[in-house]
There are 2 protein chains.
Amino acid sequence: MTRPDLAEVARRAGVSAATASRVLSGRGPASTASRDAVRRAAAELGYVPHPVARRLARGAGTRILFAVRDRRAGILHDPYVARAAAAMAAAVDPDGLGVSLRRLPLAATTALEAVAADRSVAAVVLAGHDRGLLDHLPAGLRGRTAAIGAGGTDVDSAAGIGALLRHLHDTGRRRIALVSGPRWLAASGAPLRAYTELTRAAGLPSRVVTGDFTAERGRAAAATVLRRWPDTDAIATVSDATALGVLQGLAAAGIRVPQDVAVTGFDDIPLASAYPGLSTATHPVEPIAQAAARAALGAPAPRRLFPSRPVLRATT
Amino acid sequence: MTRPDLAEVARRAGVSAATASRVLSGRGPASTASRDAVRRAAAELGYVPHPVARRLARGAGTRILFAVRDRRAGILHDPYVARAAAAMAAAVDPDGLGVSLRRLPLAATTALEAVAADRSVAAVVLAGHDRGLLDHLPAGLRGRTAAIGAGGTDVDSAAGIGALLRHLHDTGRRRIALVSGPRWLAASGAPLRAYTELTRAAGLPSRVVTGDFTAERGRAAAATVLRRWPDTDAIATVSDATALGVLQGLAAAGIRVPQDVAVTGFDDIPLASAYPGLSTATHPVEPIAQAAARAALGAPAPRRLFPSRPVLRATT
DNA sequence: CTGTTAGCGCGTTCAG
DNA sequence: CTGAACGCGCTAACAG
């Protein structure tokens with residue numbers, strides 16, 4: 001009742017273990033005859049390859065590390081991170097691999113060298129990076145690292161948020177503030193550029209407050225906006241959580257939404273539709289995370305941005 | 001510049017590889033002298049054991065499989081599942097392990113047998129189970145499987161939801177409906193029993209609608225409740241997503257919350273506090289998932305339920 | 001195209 | 001307490 005072995009399959013098929021290996025792993029040549037024999041023997045015996053042995057022999061690791069660079073330890077509880085991690089964990093299951101999750105400090109180089117030295121790590125998916133980090137990867141990580149977000153596998157946030165901004169403008173909003181992402185993050189650039197271009201082209205004032213994707217900062221940002229620019233008639237954000245915080249902040253100040261101030265988010269988290277009907281743009285986190293995981297494992301990196309569509313609801 | 005090997009450490013320490021192994025893995029005896037020598041040699045060489053080789057030699061797998069039983073394929077995108085998967089992926093990182101995520105159909109026995117045959121799986125964490133599944137695990141999975149939810153590592157949902165129900169009663173609600181979890185799920189039992197006991201003890205009518213943790217079903221459930229029992233003055237649910245759906249459904253019917261009908265959720269998802277201030281109860285998903293992962297890997301299973309506290313906000 | 005021979009790096013008998 | 005030898009299951013390099 002013991003599990004059949006590659007050697008046993010080979011014996012039964014009347015070939016050597018090497019040939020059986022070539023057939024079953026799909027690498028290397030094999031005649032049609034032995035191919036059939038091996039496949040049949042494997043099927044009859046109910047042979048299941050041993051992924052761990054396979055990886056050891058090949059010198060490859062058994063897990064992909066999802067490394068998230070952030071200053072907050074709590075980042076690993078972030079819904080975005082969790083969604084991406086889960087999507088990758090589902091994507092690599094068929095390959096017999098697993099996903100590990102780790103936070104990296106903003107100065108991540110040292111930590112990445114330790115990662116490169118860990119033989120159990122097959123590949124790395126990096127999030128929260130800035131420009132420099134990707135260019136200065138440890139040599140051992142080249143070719144098996146993929147970035148998720150700006151510079152890597154990413155959503156077309158400029159298009160999604162740009163469309164929302166245009167809609168605000170089309171519906172008469174003229175003093176639009178933006179709660180952006182943190183400065184140390186590469187992914188903060190695209191939405192900010194989209195905002196800058198649009199306000200410049202339309203001759204609108206530029207009103208930017210730096211946020212960090214949390215609801216708390218959204219609340220604070222709303223207060224800041226109201227204090228510095230009391231006549232603001234729309235607040236765009238780069239995350240639904242922040243937008244919900246903004247809604248709270250506006251409510252606390254007695255501002256009506258959308259009559260006095262319109263609000264938009266980004267991410268289209270499932271609950272954004274539920275209540276109170278937040279206007280936002282879609283963010284296909286799961287497909288992106290999957291593509292990043294595959295790219296890290298050697299698949300060709302998708303050479304386009306994943307589309308983002310505006311979703312208009314009650315807050316605009 | 002090649003990575004040092006156990007053999008190299010042994011050579012440098014002047015002992016055999018076997019002794020070095022015994023020292024570094026902590027199993028088997030070793031004299032103080034050789035112990036020190038090996039440790040020093042390892043430190044000097046910067047030796048890092050190879051987790052994959054270690055696992056292969058020991059016959060252990062390299063990943064824990066988070067298997068979620070559900071009828072919907074989309075369950076893997078559920079926020080609860082994602083949070084738990086991410087927490088486990090962070091928890092097992094130090095051990096060099098990864099997490100894979102897979103859905104199991106309601107009739108899961110066959111699928112579990114395939115899992116048992118997969119040598120890359122070190123342990124299994126099961127969610128969405130019912131009574132029978134845990135009692136009829138494949139023999140190969142015994143001792144390396146932990147359940148998350150009722151019957152395993154679980155939150156004290158009866159206490160959390162019970163406290164919310166008591167609060168509704170204390171504040172004058174007398175016709176309280178419950179949107180429960182699905183019947184095929186073991187975890188649906190505890191909240192339902194808490195509800196039944198409380199309504200019976202207080203002489204209140206029993207009004208139960210079956211839900212499934214989604215916002216959509218929450219919307220539908222609100223409509224059902226209003227139709228069947230128009231004088232309902234409170235709706236308790238077993239998930240925040242459902243509660244947000246209920247709020248939508250009530251809003252669509254022109255019902256005021258909490259004046260006409262109070263609403264409670266369960267889970268305390270981060271955004272429940274943001275807007276519109278949903279009353280709910282805490283659900284420490286991350287610690288629970290961590291504990292389940294450790295239990296599956298052989299740690300003693302926590303012998304108590306994880307506490308749930310009511311969090312009262314605007315909807316009650 | 002195929003078989004033989006070496007590993008991959010470590011754990012674990014079993015004598016001594 | 002220690003070392004030699006073998007096993008884990010598979011793949012890669014090399015002749016043929």
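Only heavy atoms go into these numbers, but all of them, side chains included; no hydrogens, no water, no symmetry mates.
Interatomic distance, CG of L65(B) versus CZ of R144(B), reported as 10.0 Å (0.5 Å rounding). S120(A) contributes atom OG, which lies 3.5 Å from atom CZ of R63(A) (distance to the nearest 0.5 angstrom). We find the CD1-CZ distance between I64(A) and R294(A) to be 9.5 Å, quoted to the nearest 0.5 Å. Rounded to the nearest 0.5 angstrom, H50(B) NE2 and L56(A) CG are separated by 5.5 Å.
Nearest-nucleotide positions on DNA chain D place A17(B) closer to the 5' end than the other of A17(B) and R27(A). Along DNA chain C, the nucleotide nearest to P29(A) and the one nearest to A57(A) differ in position, and the one closer to the 5' end is contacted by P29(A). Comparing A53(B) and A18(B) by the nucleotide of DNA chain C that holds the closest heavy atom to each, the one mapping nearer the 5' end is A53(B).
Atom CG in D5(A) sits roughly 11 Å away from atom P in dT11(D) (whole-Å rounding). Here dT2(C) presents its P atom at 13 Å from CG of L24(A), a figure rounded to the nearest Å. One can place CG of L56(B) at 12 Å from P of dC10(C), the figure rounded to the nearest angstrom. Rounded to whole angstrom, the span from the CD atom of E8(A) across to the P atom of dC10(D) amounts to 11 Å. Atom pair R58(B):CZ and dT13(C):P shows a separation of 13 Å (rounding to whole Å applied).
In this structure, R22(B) reaches the bases: a heavy-atom distance under 4.0 Å links it to at least one base atom across the strands shown. Here L6(B) lies in heavy-atom contact (under 4.0 Å) with sugar-phosphate atoms only. As judged by a 4.0 angstrom heavy-atom cut-off over every strand, V15(A) is placed among residues touching the sugar-phosphate backbone only.
The side chain of S16(A) places no N or O atom within less than 4.0 Å of a non-bridging phosphate oxygen (OP1 or OP2) of dT2(C). Here R119(B) reaches the OP1 or OP2 of dG9(D): one of its side-chain N or O atoms lies under 4.0 Å away. Taking 4.0 angstrom as the limit, R54(B) places none of its side-chain polar atoms (N or O) nearer than this to OP1 or OP2 of dC10(C). In this model, the phosphate group of dT2(C) is not approached by any side-chain N or O of T19(A) to a distance below 4.0 Å at OP1 or OP2.
In this structure, Y80(A) has its ring center under 6.0 Å from that of H283(A).
In the region residues 30-51 of chain A, proximity to DNA chain D at under 4.0 angstrom, judged on heavy atoms, holds for Y47(A), P49(A), H50(A).
The neighbour count for R72(B) CZ, taken as heavy atoms of other residues, nucleotides or ligands under 6.0 Å away, is above 12.
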> Checking salt bridge (charged side-chain N to carboxylate O under 4.0 Å, His left out) for the pair D130(A)/R69(A): CA distance, chi angles, key distance, verdict?
Replying inline: CA-CA 9 Å; D130(A) 61 1; R69(A) 177 169 167 271; 3.5 Å; yes
